[in-house]
Every structure is written in structure tokens, then in C-alpha cells.
There are 2 protein chains.
Amino acid sequence: MGRWEPDARGRLAAAALALYAERGYEQTTVAEIARSAGLTERTFFRHYADKREVLFAGAGELEDLFVRAVAGAPAPAAPLAALTVGLDAVAEMFADRREFARRRHAVITANAELQERELIKLASLAAALAGALRGRGVAEPAASLAAEAAVAVFKIAFERWIAPAEEASMQQLIRESLTELKAVASGA
Amino acid sequence: MGRWEPDARGRLAAAALALYAERGYEQTTVAEIARSAGLTERTFFRHYADKREVLFAGAGELEDLFVRAVAGAPAPAAPLAALTVGLDAVAEMFADRREFARRRHAVITANAELQERELIKLASLAAALAGALRGRGVAEPAASLAAEAAVAVFKIAFERWIAPAEEASMQQLIRESLTELKAVASGA
DNA sequence: CACCTGATGTCAGTGTCTGTCATCACGTAA
DNA sequence: TTACGTGATGACAGACACTGACATCAGGTG
């Protein structure tokens, strides 16, 4: 065996989620997370920029997947059609992580600081999507507006998907939200 | 004259904006802001919950104005039409604060923590607007989607409004963004 | 065997934010 | 006038997030 236990990053993330869920984000110190993972506080900050970031390690992958799918959508597709290709790819990625998503989201919605971090990740996603659309020849401000709308669709579908009683697939919920958006935007 | 200089809150906000603009948000300590306003660090935290909030005192008023305008829109109006009434009210409120908005926005865009706070204020605004729409009989998820779309329109119009060369009125830019949104949403 | 590398530990320090108590001008009532 | 309450502030101690600097040590490499 190696000099250290493997996957320090993953152990820190798991310990953090467990402690945040058990006693709340504010009531958990970084030293406790590190100790729970068999490491020191200083090592925590070598793996994650701050106490919140430990919950958002997957945000980069989500953004990459979404952006690549949009960039690779069939050429003649309109902005919202290209974004729909990305939304479908994202839905597939989430499919088998519903319980994890529920636990993580419960922790985030219980704390304002964590919500702030989630929002800036979504804003980063929207900016990246707008960039992908511009790469497809979409002009501003249409690119940014379409990207913001797509993120809103994702956010609302996601919240429905993790609702306690919900059983519909994320892809189904995304399609429904998209339909609603089109109806709302054309209805005034 | 009173025992203390008047308007401690306002003096703190002015000192903070000036210092954040001059040397950057992270390079400014709360103790410096307080001293610049003739107060102590402890008093700063009695007026503002944290170092960021001092830049967002007006967010509550913006939300109140926006929500009241939407709630008071003519009864038969569709969701996006009611939101447009609110957007017009907001545009009027901003009209004579363009330079202040530019300075404040420059500080915020220069720092990720401040952007996070701005995003959660916009999310709070979107939630309040969705509530106002539900109060008008709009069902979910249409209410939330329409509210998110309206906030996106506001955000994009605002950014154009404070762009260096821009001279168009905020109302004009909001109308243009709304038109773009409708075109994008119906174009796929 | 000597050396380098990379992940970790240790320690000291800064800054944000909170709890607690003291201070003191002002208003009010006896 | 005097005693008392009130509210904004100051003073102080402390918890905790986060950073910089240096030490440690197993494993790979020459």
C-alpha cells in the first residue's frame, strides 16, 4: 500500500457532505471535516479553495458536458434546439445519481452561502453556453438570453426531478419545462 | 447637534464603495472602512451583516418596487405583460443613477464573492416575482420560468445600459431585450 | 546510494464575524 | 432637578476561515 490512504479528495468530499447533512454547514468546522477524513485542516485547503467548494467539484464536468453537446449539435439547429441537445446530455448524466443529488441539494438549500456558490456555478454555465452559441454564429444578446433561458429550464426541471414524490425522468421534466418556456415567451 | 454624526449607515456605504473602487474589495479591511467613516469595526457589523452586504442595501427597494408593479398590473395581462410593467418601473427608478450604477458594478464584476452576492439578490428577486405572478393566477412552473426570464432580460439590459459607450435609455434597452427573448424562445 | 518529487503535517499569522459588557448623551417621569 | 431607561457606540476577547513558510517522508530515478 501507498504512503497515504488513496483518494484524499474524495474522502474529504464525502466527509463534508455527511457532516453538513448531519449537523448543518455552519455548525461544521473544516478541522472536523479533515479529521473525519483522516487529514489535517491545511490539507483540506490544498484540495478545495474554501469550505463551500468541496460540494461543487462536479460543476466543471457538468459545464464541459453541456457545452460540448451544444457545440456539437447539428449545424442548422436554432439556438434553443442546440441547447436542447445539451439539456438531453445533462439529463442522461444525472439519471443514476438521483439520491445523491437529493442529499446534496438538501444541504445547499439549507444554507444561503452554499446557494450563493451554486448560483455562481450556474452563472458560469450560462456564460459558457452563451459562448458556445456565439461559436455557432448566434449574435448577442440572443446568445446570452437563450443561454440564461436554458439554465432556467435546467434549474426548474432539476428541482422537480428531486422533489420527494417525483418519479418522472429528468429528460421528461426538461421537455416539459422547455414547452412551458416557449408558451410563456410567446404568450405576451 | 446629536451625540453622533448622522447617517452612520450611509457613511459606511460610501466609504466602502470608495475604498473597494480604489484598492479592491479583498485589499480593503472592514476596520479601514469603519475608520474612514469615523466608526469602529464592531459598529460596521451592527449596520451590515457582512463585508459584502454594504454594497447591496438597495436590493430590497428594487425588489419591492418590481414586485408591487407586477402585482398592480392590469388584470387581464399575460405573465410577460405584467412583468413588463415591472421592468418599466425599474427602468424609471434607475434612470438618474447611471454613473453610480457604473461605479458599483465595476467593483462587483472585479470580485467573485461580490458577484455571488449579486446573484443571490437576483434569485431572491426572481422568487418574489414568481410569487407575484402566482398571486395573479399564473400556475407553476410557468410563473417561475417567466420570472427567471424577466430577470435575465433585466440583467442583460442593465449590462448594456452601463456599457461605456451606451447612450440609449434603460427602458429602450429593456424593450429590445424583451423582443430578443420572444424571438429566441419562439425560434426553436 | 544520493537526489528529487509530491502529498502531507506543523506552526504562526491575518482578517471576518460574534458575544458580552461598558459608556454616555438624550428623553422622560417623579 | 434628579433618577432612570434607551439606543447607538466603543472596547475586548474569542472562534473560525484561510494563507504562507518550512519540515517531513515514502517512493521513483539516476
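Below, chain A is the first sequence line, B the second, and so on; all start at residue 1.
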Q: Specify the angle, to 10°, made by the local axes at the two ends of the helix from dC1(C)-dG30(D) to dA30(C)-dT1(D) when five pairs are taken at each end.
A: 10°

Q: Take the protein atom CD of Glu53(B) and the nucleotide atom P of dT16(C), then report the distance between them rounded to whole Å.
A: 16 Å

Q: Can you sort out the partners of Ser36(A) under side chain to side chain contact (heavy atoms under 4.5 Å, CB included), two or more places apart, ordered by chain and number?
A: Ala15(A), Leu19(A)

Q | Contact letters for nucleotides 6-17 of chain D, in which S counts primed atoms plus P, OP1 and OP2 and B counts the base, heavy atoms under 4.0 Å | A | -BBBBBB----S

Q. Excluding sequence neighbours, so at least two apart, what forms side chain to side chain contact (heavy atoms under 4.5 Å, CB included) with Phe45(B)?
A. Val30(B), Glu41(B), Arg42(B)

**Q.** ring-ring contact (aromatic ring centres under 6.0 Å, His included) partners of Phe56(A), counting only residues at least two apart
**A.** none

**Q.** Residues that His105(A) engages under ring-ring contact (aromatic ring centres under 6.0 Å, His included), provided they are two or more places apart
**A.** Phe158(A)

Q) Which pairs pass salt bridge (charged side-chain N to carboxylate O under 4.0 Å, His left out) with one or both residues in residues 6-28 of chain B, sequence neighbours excluded? A) Arg23(B)-Glu32(B)

Q. Restricting to pairs with a member in residues 136-151 of chain B, which pass salt bridge (charged side-chain N to carboxylate O under 4.0 Å, His left out), not counting sequence neighbours?
A. Lys155(A)-Glu148(B), Arg134(B)-Glu140(B)

Q: Sort and list the pairs that fulfil salt bridge (charged side-chain N to carboxylate O under 4.0 Å, His left out) and have at least one residue in residues 157-179 of chain A, not counting sequence neighbours.
A: Asp88(A)-Arg175(A)

Q: Give, ordered by number, those residues of residues 107-124 of chain A having at least one heavy-atom distance below 4.0 Å to an atom of DNA chain D; if nothing qualifies, reply none.
A: none

Q.
In this structure, how many angstroms lie between the C1' atom of dG15(C) and the OH atom of Tyr20(B), rounded?
A. 12 Å

**Q.** Distance, rounded to the nearest Å, where Phe44(B) contributes CZ and dT16(C) contributes P
**A.** 9 Å

Q) Can you name the residues that form a salt bridge (charged side-chain N to carboxylate O under 4.0 Å, His left out) with Glu92(A), not counting sequence neighbours? A) none

Q.
Checking Ser124(A) against Glu63(A): is there a side-chain donor and acceptor pair closer than 3.5 Å?
A. yes

(Q) Connecting only ILVMFWY residues whose side-chain heavy atoms lie within less than 4.5 Å of each other, what is the rest of Val85(A)'s hydrophobic cluster? (A) none

